[in-house]
Peer 1: 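Sharing a structure with you now.
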Amino acid sequence: LQRIALARALVYRPRVLLLDEPLSNLDAALREDVRRELHAVHKAIGTTFILVTHDQVEAMSLSNRIVVMNHGRIEQIGTPQELYRVPKTEFVAQFVGAANLLEGEVAAVTDEVCQIKVARLDITAPRQDGLTHGAKCIVAIHPESVRLASADEVSSDRNSFLATVRDVYFLGRIQEIQIDINGTELRVIEVRGNTFRTGEEVKATFPEHSVILL
């Protein structure tokens, strides 16, 4: 039905096409197929598409420019890359990138980095203008930025911690893993095919440049 409705709308060669949840009520495989078709059609005809969706995958994969709204208020406008890499608010970081959000306090600032105290963790992040010693902040870490390895692996990264695997969810192409680092829980997306077990001790590492401060 979605394909038929799109074809009917395009017959009139509209200057702007409004798509309101066009992929809703489709199974997972068909949703991917139609999403690729929408992308191809948009690229071929050049008509402006305004897509309304609650699915961040749809928004990120189909859009050149995204407006993120929360209860009728605009949180941020930008390209998919900007919203993912430089979110301006907690809502954007969580909605667009499903980031882990941790409350922290700036413990030290140098010319290049900030040291952030999060519960019993010391996290190193790129320096951000406006954050001074003692300032409260939110640390955002994307689940796919965290790499898990054996507990005895040696890492030169400053953000490297021993962790305990709490839960593992096998999702086919990826695994979603819940870990605990000194009482702080993080959601991790494992795409490398490594296998981990509940209760296993692991080394969790994420690079400084992947840490976002809000």
Side-chain angles (χ1 to χ4, degrees), residues 28-29 31-32 55-61 68 80-110 112-128 131 136-214:
R31 179 184 291 262
E32 288 191 15
D55 188 313
Q56 60 265 42
V57 174
E58 290 177 22
M60 299 284 280
S61 62
V68 180
Q81 293 83 359
E82 289 170 344
L83 296 180
Y84 179 83
R85 295 170 182 162
V86 194
K88 300 298 184 184
T89 68
E90 295 177 46
F91 181 84
V92 174
Q94 178 61 44
F95 180 76
V96 174
N100 296 286
L101 301 179
L102 310 172
E103 295 183 358
E105 180 177 315
V106 179
V109 179
T110 70
E112 297 182 351
V113 300
C114 289
Q115 296 293 336
I116 310 297
K117 188 71 174 180
V118 176
R120 289 182 285 174
L121 300 183
D122 294 311
I123 295 176
T124 303
R127 178 178 176 175
Q128 182 169 308
L131 284 182
K136 303 293 185 182
C137 64
I138 297 295
V139 176
I141 303 169
H142 290 124
E144 59 274 18
S145 296
V146 184
R147 187 176 70 87
L148 301 183
S150 62
D152 58 359
E153 178 179 279
V154 177
S155 174
S156 60
D157 198 294
R158 282 180 281 193
N159 295 326
S160 189
F161 310 94
L162 287 175
T164 302
V165 175
R166 294 304 184 198
D167 285 296
V168 179
Y169 305 95
F170 180 73
L171 304 178
R173 289 174 292 182
I174 65 171
Q175 294 176 79
E176 181 178 316
I177 302 173
Q178 201 76 22
I179 63 171
D180 182 288
I181 308 175
N182 292 333
T184 297
E185 292 196 352
L186 290 181
R187 176 173 168 264
V188 179
I189 298 297
E190 169 59 50
V191 298
R192 302 170 184 84
N194 297 325
T195 301
F196 299 97
R197 302 182 307 276
T198 300
E200 182 180 358
E201 296 295 315
V202 296
K203 180 70 65 68
T205 303
F206 46 91
E208 297 170 22
H209 65 77
S210 70
V211 181
I212 302 167
L213 301 181
L214 303 170

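Values below: every heavy atom of this structure, side chains too, minus hydrogens, waters and symmetry copies.
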Peer 1: L131 versus V109: any side-chain heavy-atom pair under 4.5 Å?
Peer 2: no
Peer 1: Just so I know, are the side chains of R166 and I179 near enough to count as touching, which here means a heavy-atom distance under 4.5 Å?
Peer 2: no
Peer 1: Kindly write out the residues that satisfy side-chain contact (heavy atoms from CB on, under 4.5 Å) with R147, not counting sequence neighbours, or none if the list is empty.
Peer 2: A149, E153, R192
Peer 1: What pairs meet the side-chain hydrogen bond (donor to acceptor under 3.5 Å, both in side chains) rule with one or both residues in residues 94-108, with sequence neighbours excluded?
Peer 2: E105-K136
Peer 1: Can any side-chain N or O of R158 pair as donor or acceptor with the backbone N or O of T124 at less than 3.5 Å?
Peer 2: no
Peer 1: Considering only heavy atoms from C-beta outward, does the side chain of N194 approach that of L148 to under 4.5 Å?
Peer 2: no
Peer 1: Under 4.5 Å between any side-chain heavy atoms of F161 and I123, yes or no?
Peer 2: yes
Peer 1: Find out whether V96 and P87 are in side-chain contact, i.e. whether some heavy atom of one side chain is under 4.5 Å from a heavy atom of the other.
Peer 2: no
Peer 1: For the residue pair N159 and E208, establish whether any side-chain heavy-atom pair is separated by less than 4.5 Å.
Peer 2: yes
Peer 1: Does the side chain of Q175 come within less than 4.5 Å of I189's, by heavy atoms?
Peer 2: no
Peer 1: Answer with yes or no whether the side chains of S155 and D157 bring together a donor and an acceptor at under 3.5 Å.
Peer 2: no
Peer 1: Just so I know, are the side chains of R127 and V113 near enough to count as touching, which here means a heavy-atom distance under 4.5 Å?
Peer 2: no
Peer 1: Do S210 side-chain atoms and P207 backbone N/O form a donor-acceptor pair below 3.5 Å?
Peer 2: yes
